[in-house]
Amino acid sequence: MSEVRNWNVLETRFATTVNLERRPVAVAYLERAPDGVKKFEGSEPSGCSFWRLAADGRTFYTVPDDHFNCAVGAYTHNITLSPEREQETGITLKMMFDMGYVKPEEVPQIPRLAKAPAVVVYSPLGDAPATPDVVLFACQPRSAMLLNEAANRAGVASGAPALGRPTCMALPAALQHGSIFSLGCIGNRVYTGLGEDQMYFVVRGQDLEAVANALETVNSANAALNEYAIGRRQTLSTA
């Protein structure tokens, strides 16, 4: 899908098939900002905080400096901190090592972007001003189940186990391997307000239409199987 106007149609297709309490967030890694898109002004504690703003309806772009408050997020996005702040990565990791949150040997296994983006554009999917590289769906497990089944049917699922901390590594992981679950992490849940009953499903932008097409079949099949299972339970359950 190359035409900007199609993203709104695609978001509507997802919203009418699965229950989404938040708008899907489109993220694009670009060399320059699209015409007419405003630069983010202000400060946020993490890169994933920008997901919250986009889900609330804002469209904007960031530059590497806007990500300096989160050493971990900068790491997963291959952003080099300024000389004045480069020690923060080590300080943050040491804190996490000391409290047992993460082991040192896990760090090299964390997925990262292949190169640092010059700008990162965030928006609701339907308002995307450029083709998104990845799209984040914050949803309840049932909706995540349907999205995953659709990704499998479309042949674009990574097949990888659900990811944990840090949540932001799900973006480069999806880019590298295909659609993927993320259970979120405590920092992300605080910074984005993700509900206790919600998780993420992350899809590459290039795969969105295939997932949407498969989702229609998957949703119809699940509705029929729901009735089938209800009947079997009523007939066969004796306990």
Side-chain angles (χ1 to χ4, degrees), residues 1-18 20 22-37 40 47-48 50-62 67 73 76-79 111-139 143-144 146-160 163 167-182 192 199-216 218:
M1 298 186 65
S2 58
E3 298 182 19
V4 171
R5 66 174 181 268
N6 286 339
W7 301 118
N8 186 53
V9 173
L10 198 52
E11 180 177 338
T12 300
R13 290 179 64 190
F14 280 108
T16 56
T17 310
V18 294
L20 299 175
R22 301 180 178 208
R23 295 185 70 180
V25 172
V27 182
Y29 302 113
L30 305 175
E31 292 300 319
R32 59 179 293 274
D35 294 339
V37 177
F40 170 76
C48 62
F50 300 125
W51 308 356
R52 182 191 75 248
L53 302 180
D56 287 343
R58 293 178 58 180
T59 297
F60 57 93
Y61 74 89
T62 64
H67 296 255
T76 62
H77 281 57
N78 211 345
I79 293 172
R112 306 178 72 189
L113 293 181
K115 67 175 183 176
V119 300
V120 186
V121 179
Y122 298 91
S123 71
L125 173 58
D127 301 334
T131 299
D133 287 294
V134 288
V135 175
L136 298 142
F137 292 87
C139 51
S143 294
L146 294 172
L147 289 167
N148 184 59
E149 290 179 2
N152 275 309
R153 180 177 177 82
V156 298
S158 67
L163 299 180
T167 308
C168 52
M169 72 177 175
L171 280 66
L175 278 174
Q176 295 167 20
H177 305 295
S179 302
I180 200 163
F181 284 116
S182 173
T192 68
M199 60 189 298
Y200 292 104
F201 193 69
V202 187
V203 182
R204 291 181 296 206
Q206 68 188 47
D207 298 333
L208 276 173
E209 189 166 21
V211 174
N213 291 339
L215 187 58
E216 296 174 2
V218 165

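All values reported here derive from a predicted model rather than from experimental measurement.
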Is Asp127 salt-bridged to Arg58, going by a charged N under 4.0 Å from an acidic O? no
Under 3.5 Å side-chain donor-acceptor pair for Arg153 and Asn213: no
Do the two ring centres, one from Phe137 and one from Phe14, sit under 6.0 Å apart? yes
If every non-hydrogen atom of Asn78 is compared with every non-hydrogen atom of Ala116, which pair is closest and at what distance? O-CB, 3.0 Å
Compare every heavy atom of Ala118 with every heavy atom of Glu31, then report the nearest pair and how far apart it is. O-CB, 3.3 Å
Tell me the closest heavy-atom pair linking Leu163 and Ala170, and the distance in Å. CD1-CA, 3.8 Å
Out of Cys139, Ser182, Cys48, which residue meets the side-chain contact (heavy atoms from CB on, under 4.5 Å) rule with Tyr200? Ser182
Might you point out which heavy atoms bring Pro129 and Ser123 nearest each other, and give the distance in Å? CD-OG, 3.8 Å
Do any N or O atoms from the side chain of Asp207 and from the backbone of Val203 form a donor-acceptor pair under 3.5 angstrom? no
Run the ring-ring contact (aromatic ring centres under 6.0 Å, His included) test against Tyr122 and tell me which residues pass, sequence neighbours left out. Phe50, Phe60
Residues two or more places apart in sequence or in another chain: which of them pass ring-ring contact (aromatic ring centres under 6.0 Å, His included) with Tyr29? His77
Any side-chain heavy atom of Leu171 sitting closer than 4.5 Å to one from Leu136? yes
Does Gln176 reach the main-chain N or O of Arg112 with its side chain, forming a donor-acceptor pair under 3.5 Å? yes
Under the side-chain contact (heavy atoms from CB on, under 4.5 Å) rule, collect the residues that match up with Ala150, sequence neighbours excluded. Val211, Ala214, Leu215, Val218
For a quick test of reading the model, state the closest non-hydrogen atom pair linking Ala212 to Leu10 and the distance between them. CB-CD1, 3.6 Å
How close do His67 and Thr62 get, heavy atom to heavy atom, and via which atoms? NE2-OG1, 2.8 Å
